[in-house]
Amino acid sequence: MTRLHRAFPAMLAVAALLAAPAAFAATTTTPGKSAKPATPVRKPVARKPVAAAASTLTVAEVLQQSPASDWRPLDPQNTLLMELASGPVLIELASRFAPRHVANIRALAQQGYWDGLAIVRVQDNYVTQWGDPDAESADKARPLGSAARQLPAEFSVPLKGLALDRLPDADGWAPLNGFVDGMPVAADPKTGRAWLAHCYGMVGAGRDMAPDSSNGAELYAVIGQAPRGLDLNITVVGRVLQGMERLSSLPRGTAEMGFYAEPAQRTAIRRVRLLADVPEAERPALEVLRTSSATWRALLDARRVRHEEWFVHSPRHIGLCNATVPVRPRAATK
């Protein structure tokens, strides 16, 4: 069983030192342990500057003119619906990058594992975490049922053969970056590996100190500045498509690492279901922009060089974690 409430916070505290701003990192050190030295800076990768966009369209105009074929529907077998009192949270699962964890999450959802459990931790500028508050109690922990208790780490996948929609913009965390299935991806040709990046809204599986100690029962979503120092250290299982405001606006926990000091402070989870198990008439009707599409490329150009009247300066650059893939209501079929 994942010992998230003891070992995972300590592990995240170490990672936070590498990923977070200095002021934030100073508040997340593990008591009794000294801060570890910063990760060596990667040598800059020579890249050609991103050319100025030829189009004069604004971001809104690009999306308004996008053809229906540039958008894809949700896969009901690959989407979770978490219901809170404040409303739904929709999570798309990253089955290409973490197939065994995603299979386990599907099994947990189909047996109602998270129903009645809680959000147990909200740490400002970091993560919102949910799972079983009694996960470490042998007598009180909720049974995992048919789901596996332990899985191998799924931190990265082979880069070869991966359909990566590359960004030409430099990324200080990896030589290559881009998107696969709408997910932000970093990669290193020297190692031949690619991995999901810890951008805002990404969902990961908590683990103990051992790399292969996660199972998907304890999950968290990034609610702050991208903690990229966690990349390649935790299995990332998906991203929040809708409802981030319901996770990021929760009261911050006052105990160590943002855990709630009292059970009454936790936010209850009404239930979590695979979208395929939700009656079709009740499913959120959404679609996601394809990152292989012309609209996506035009959208990135419109973000690099801004044509809205308000802007007086264009960055001519876009970061991996700022290139958010749009989600919109699905157009009604005639």
| message | With a sphere of 6.0 Å drawn around CD of E262, does it hold more than 12 non-hydrogen atoms of other residues, nucleotides or ligands? | response |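 No - once you tally the heavy atoms of other residues, nucleotides and ligands closer than 6.0 Å, there are 12 at most.
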
| query | Got more than 12 heavy atoms from elsewhere within 6.0 Å of CZ, R252? | reply |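 Atom CZ in R252 is packed in, count exceeds 12.
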
| task | With sequence neighbours excluded, tell me which residues meet salt bridge (Lys or Arg N to Asp or Glu O under 4.0 Å) with E83. | result |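 Only R271, R273 meet the salt bridge (Lys or Arg N to Asp or Glu O under 4.0 Å) criterion with E83.
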
If we only count heavy atoms from C-beta on, is the [X] to [Y] side-chain gap below 4.5 Å?
| X | Y | result |
| --- | --- | --- |
| V272 | L81 | no |
| I105 | W114 | yes |
| L57 | H307 | no |
| Q150 | D212 | yes |
| F155 | T235 | yes |
| L176 | L159 | yes |
| D171 | R228 | yes |
| I234 | Y220 | yes |

| request: Kindly determine whether I119 and L84 satisfy side-chain contact (heavy atoms from CB on, under 4.5 Å), including the steps that lead there. | output: CA-CA 10 Å; I119 292 174; L84 306 176; 4.2 Å; yes

| said: Are L74 and V278 linked, directly or through intermediate hydrophobic residues, by side-chain heavy-atom contacts shorter than 4.5 Å (ILVMFWY only)? | reply: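 Same hydrophobic cluster.
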
| message | If hydrophobic clusters are built by linking Ile, Leu, Val, Met, Phe, Trp and Tyr wherever their side-chain heavy atoms come under 4.5 Å apart, do L80 and L151 end up in the same one? | response |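 No.
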
Where is the tightest heavy-atom contact between [X] and [Y], given as atom of each residue plus distance?
| X | Y | result |
| --- | --- | --- |
| L219 | A205 | CD2-CA, 4.0 Å |
| R328 | S66 | NH1-OG, 3.6 Å |
| W195 | D188 | CZ3-N, 3.8 Å |
| P67 | T295 | CD-OG1, 3.6 Å |
| L93 | N78 | O-ND2, 2.6 Å |
| G182 | V325 | O-CG2, 3.6 Å |

Verify, without hydrogens or angle tests, whether [X] (side chain) and [Y] (backbone) share a donor-acceptor contact under 3.5 angstrom.
| X | Y | answer |
| --- | --- | --- |
| D132 | L117 | no |
| R246 | P88 | yes |
| Y260 | P251 | yes |
| R266 | A118 | no |
| E61 | T58 | yes |
| D134 | R142 | no |
| Q129 | Q123 | no |
| R297 | S292 | yes |

| field | Full working for side-chain contact (heavy atoms from CB on, under 4.5 Å) between I269 and D115 | value | CA-CA 6 Å; I269 297 172; D115 298 359; 5.7 Å; no

[atom2] on [Y] to [atom1] on [X], rounded to 0.5 Å:
| X | Y | atom1 | atom2 | result |
| --- | --- | --- | --- | --- |
| N125 | S248 | CG | OG | 11.5 Å |
| R239 | I91 | CZ | CD1 | 11.5 Å |
| D277 | Q110 | CG | CD | 4.5 Å |
| R106 | N104 | CZ | CG | 11.0 Å |
| D169 | N322 | CG | CG | 10.0 Å |
| R316 | R304 | CZ | CZ | 11.5 Å |

| request: Could you name each residue pair satisfying ring pair (Phe, Tyr, Trp, His ring centres under 6.0 Å) that touches residues 73-99, not counting sequence neighbours? | output: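 Pairs touching residues 73-99 that pass the test: none.
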
| request: Applying side chain to side chain contact (heavy atoms under 4.5 Å, CB included) between Y126 and each of I223, L230, V222, report the one that passes. | output: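 The passing option is L230.
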
| field | side-chain hydrogen bond (donor to acceptor under 3.5 Å, both in side chains) between T291 and D165, intermediate numbers included | value | CA-CA 6 Å; T291 53; D165 299 313; 2.8 Å; yes

| request: Classify the ring geometry between F179 and W296 as parallel (under 30°), tilted (30 to 60°) or perpendicular (over 60°). | output: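 F179 vs W296 ring planes: perpendicular.
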
| side-chain contact (heavy atoms from CB on, under 4.5 Å) with A163: which residues, sequence neighbours excluded? |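 Partners of A163 under the side-chain contact (heavy atoms from CB on, under 4.5 Å) test: none.
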
| query | Sequence neighbours excluded, which residues qualify as side-chain contact (heavy atoms from CB on, under 4.5 Å) partners of T324? | reply |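 Scan of T324 (side-chain contact (heavy atoms from CB on, under 4.5 Å), adjacent residues dropped) gives none.
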
| field | Sequence neighbours excluded - salt bridge (charged side-chain N to carboxylate O under 4.0 Å, His left out) pairs with any residue from residues 177-186 | value |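 Listed by first then second residue: R96-D181.
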
| task | Mind jotting down which residue pairs meet the salt bridge (charged side-chain N to carboxylate O under 4.0 Å, His left out) criterion with at least one end in residues 64-82? Sequence neighbours excluded, please. | result |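 Counting only pairs at least two positions apart or across chains, the salt bridge (charged side-chain N to carboxylate O under 4.0 Å, His left out) contacts touching residues 64-82 are R72-E92.
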
| said: As a test of understanding, state which of E154, R207, H101 forms a side chain to side chain donor-acceptor pair (under 3.5 Å) with S214. | reply: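 Single pass found, and it is H101.
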
